[in-house]
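Beneath this line is the structure, given in structure tokens, with notes to follow.
Labels below follow one simple rule: chain letters A, B, ... track the order of the sequence lines, proteins then strands, and each chain is numbered from 1. Reckoned from all heavy atoms, side chains included, excluding hydrogens, waters and symmetry mates. Remember, it's a predicted structure, so these values are computed and weren't measured experimentally.
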Protein chains: 2
Amino acid sequence: MTGAGRPDRDDSRPVYVISVAATLVSAHPRTLRIYEDEGLICPARTPTNIRLYSEEDIRRILWIRHLTRDRGVNLAGVRTLFELEERLGKRILEALYDEGMRSRDAELAGEPDVSVPHDLDHI
Amino acid sequence: MTGAGRPDRDDSRPVYVISVAATLVSAHPRTLRIYEDEGLICPARTPTNIRLYSEEDIRRILWIRHLTRDRGVNLAGVRTLFELEERLGKRILEALYDEGMRSRDAELAGEPDVSVPHDLDHI
DNA sequence: GAACCCTATCAATGGCGTTGTCAAGACATA
DNA sequence: TATGTCTTGACAACGCCATTGATAGGGTTC
């Protein structure tokens, strides 16, 4: 399944226009443009300058939403965290995850009923 | 360095009362109490409940001041960064440092003990 | 041509960070 | 003992930020 002959990087392929992306992350399109102005995301553009968000972009935005809404971190804090992540290899933010809320060893039980960014389970 | 024949941990020894600590970090005593209420610092107490800040406490506060004032990170962001630091070994915040300010001095060869913003050696 | 996108601007809302002050009480030191 | 600093708790003001919203004029897509 999942297209055995489709091992391509479709997670990085730009597919969603801003209205769709905004709906996916429960934010206002304006907010996504602000994130971009702040340098937190950098969606692709069509030859005619239309923003196109990839699945990776969506996940990044969901991280921002998690940090800002659930943790109360402001955009400067998000920027610092992302900067830290870039400097130290990767996956640093994951450490924020198994907080105390979830022992990730029972994930194959079935329903991922996470109380965290709802779409980050499958990173 | 650090006084001859004094191998004790005097960096962790509580010495400063709140007014002195506040002066050292250029903050209001009120602000230090807020940091404590937020769980960002935890100064020692005398048997009579007087707060006493150690050199380590001072450095931690200076980190908070650096993150909030210079980088614009809010207290929730500081908390997240500290939490991340606890989860991932140590010294994570140091990576934020060689940003652009430190391009001139690569002075010390191997003293892995100081993890302080350089803004504070004017103490 | 309708519905969407672009940039840019202005604004309202709510919340946060910091400082400040006031109170009433406990402590420290000269 | 008297003065000064500490304690907690409350209230407030100032400025800034995050988010959403609306508006304008113009381009893109179907």
Side-chain angles (χ1 to χ4, degrees), chain A residues 13-54 57-58 60-83 117, chain B residues 13-54 57-58 60-83 117 119-120:
Chain A
R13 198 169 53 192
V15 281
Y16 308 118
V17 294
I18 197 171
S19 63
V20 178
T23 301
L24 289 178
V25 301
S26 305
H28 199 275
R30 184 78 220 279
T31 304
L32 299 191
R33 297 192 183 102
I34 291 176
Y35 290 169
E36 185 175 354
D37 291 342
E38 295 284 332
L40 301 179
I41 50 177
C42 188
R45 301 280 187 140
T46 67
T48 54
N49 210 31
I50 306 287
R51 274 173 263 251
L52 284 186
Y53 297 82
S54 69
D57 291 327
I58 298 297
R60 190 175 178 87
I61 296 169
L62 285 173
W63 260 113
I64 300 173
R65 299 297 275 181
H66 166 62
L67 292 170
T68 55
R69 295 170 62 125
D70 302 337
R71 284 183 172 263
V73 179
N74 62 4
L75 297 189
V78 173
R79 186 182 307 113
T80 299
L81 285 163
F82 283 173
E83 177 183 331
Chain B
R13 196 170 53 191
V15 281
Y16 308 119
V17 293
I18 195 171
S19 62
V20 178
T23 301
L24 288 177
V25 301
S26 305
H28 199 276
R30 185 79 224 280
T31 305
L32 299 191
R33 297 194 183 101
I34 291 176
Y35 289 170
E36 186 176 354
D37 292 342
E38 295 284 331
L40 301 179
I41 51 177
C42 187
R45 300 281 187 139
T46 67
T48 54
N49 210 31
I50 306 287
R51 273 173 263 249
L52 283 186
Y53 297 81
S54 69
D57 290 328
I58 298 296
R60 190 174 179 87
I61 296 169
L62 285 172
W63 259 113
I64 300 173
R65 300 298 277 182
H66 167 63
L67 291 170
T68 55
R69 296 171 61 130
D70 302 337
R71 284 182 173 263
V73 179
N74 62 3
L75 298 189
V78 173
R79 185 182 307 114
T80 299
L81 285 163
F82 282 174
E83 177 183 330
D119 327 339
L120 49 82

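In terms of phosphate contacts, Tyr35(B) brings a side-chain nitrogen or oxygen within less than 4.0 Å of OP1 or OP2 of dT18(C). For dC6(C), neither phosphate oxygen OP1 nor OP2 lies less than 4.0 angstrom from any side-chain nitrogen or oxygen of Thr48(A). Checking the phosphate oxygens (OP1, OP2) of dG20(C), a side-chain nitrogen or oxygen of His28(B) falls inside 4.0 Å.
Ile34(A) comes within 4.0 angstrom of a nucleotide base, judged by non-hydrogen atoms across all strands. As judged by a 4.0 angstrom heavy-atom cut-off over every strand, Thr46(B) is placed among residues making no nucleic acid contact. Nucleic acid contact class of Ile18(B) (heavy atoms, under 4.0 Å, all strands): sugar-phosphate only.
Rounded to a whole Å, the CD1 atom of Ile64(A) is 13 Å from the C1' atom of dA18(D). When rounded to the nearest whole Å, the span between CZ of Arg30(B) and P of dC16(C) equals 15 Å. At whole-Å resolution of the value, CZ in Arg65(B) and C1' in dG17(C) are 10 Å apart. Separating the CZ atom of Arg79(A) from the C1' atom of dC17(D) is a distance of 12 Å, rounded to the nearest angstrom. When the C1' atom of dG15(D) is taken as reference, atom CG of Asn74(B) falls 15 Å away, rounded to whole Å. Atom CZ in Arg33(A) sits roughly 15 Å away from atom P in dT23(D) (whole-Å rounding). Going from atom CZ of Arg45(B) over to atom C1' of dA28(C) covers 17 Å, rounded to whole Å. When rounded to the nearest whole Å, the span between CG of Leu75(B) and P of dT19(C) equals 11 Å.
Inter-residue side-chain proximity for Tyr53(B) and Val17(B) is flagged as unmet; no heavy-atom pair is nearer than 4.5 Å. At least one side-chain heavy atom of Glu38(B) sits less than 4.5 Å from a side-chain heavy atom of Ile34(B). Between Leu52(B) and Tyr16(B) the shortest side-chain heavy-atom distance does not fall below 4.5 Å. Residues Arg30(A) and Tyr35(A) form no side-chain contact, since every pair of their non-hydrogen atoms from C-beta on lies 4.5 Å or further apart.
Distance from the side chain of Ile50(A) is smallest for dC5(C) among the nucleotides dT19(C), dT20(D), dC5(C). Nearest nucleotide to the side chain of Ser19(A), out of dA12(D), dC4(C), dT5(D): dC4(C). In this structure, the nucleotide among dC6(C), dC6(D), dG21(D) sitting nearest to the side chain of Val17(B) is dC6(D). You'll find that the side chain of Thr68(B) is closest to dT18(C), out of dT18(C), dC4(C), dC6(C).
The neighbour count for Arg69(B) CZ, taken as heavy atoms of other residues, nucleotides or ligands under 6.0 Å away, does not exceed 12.
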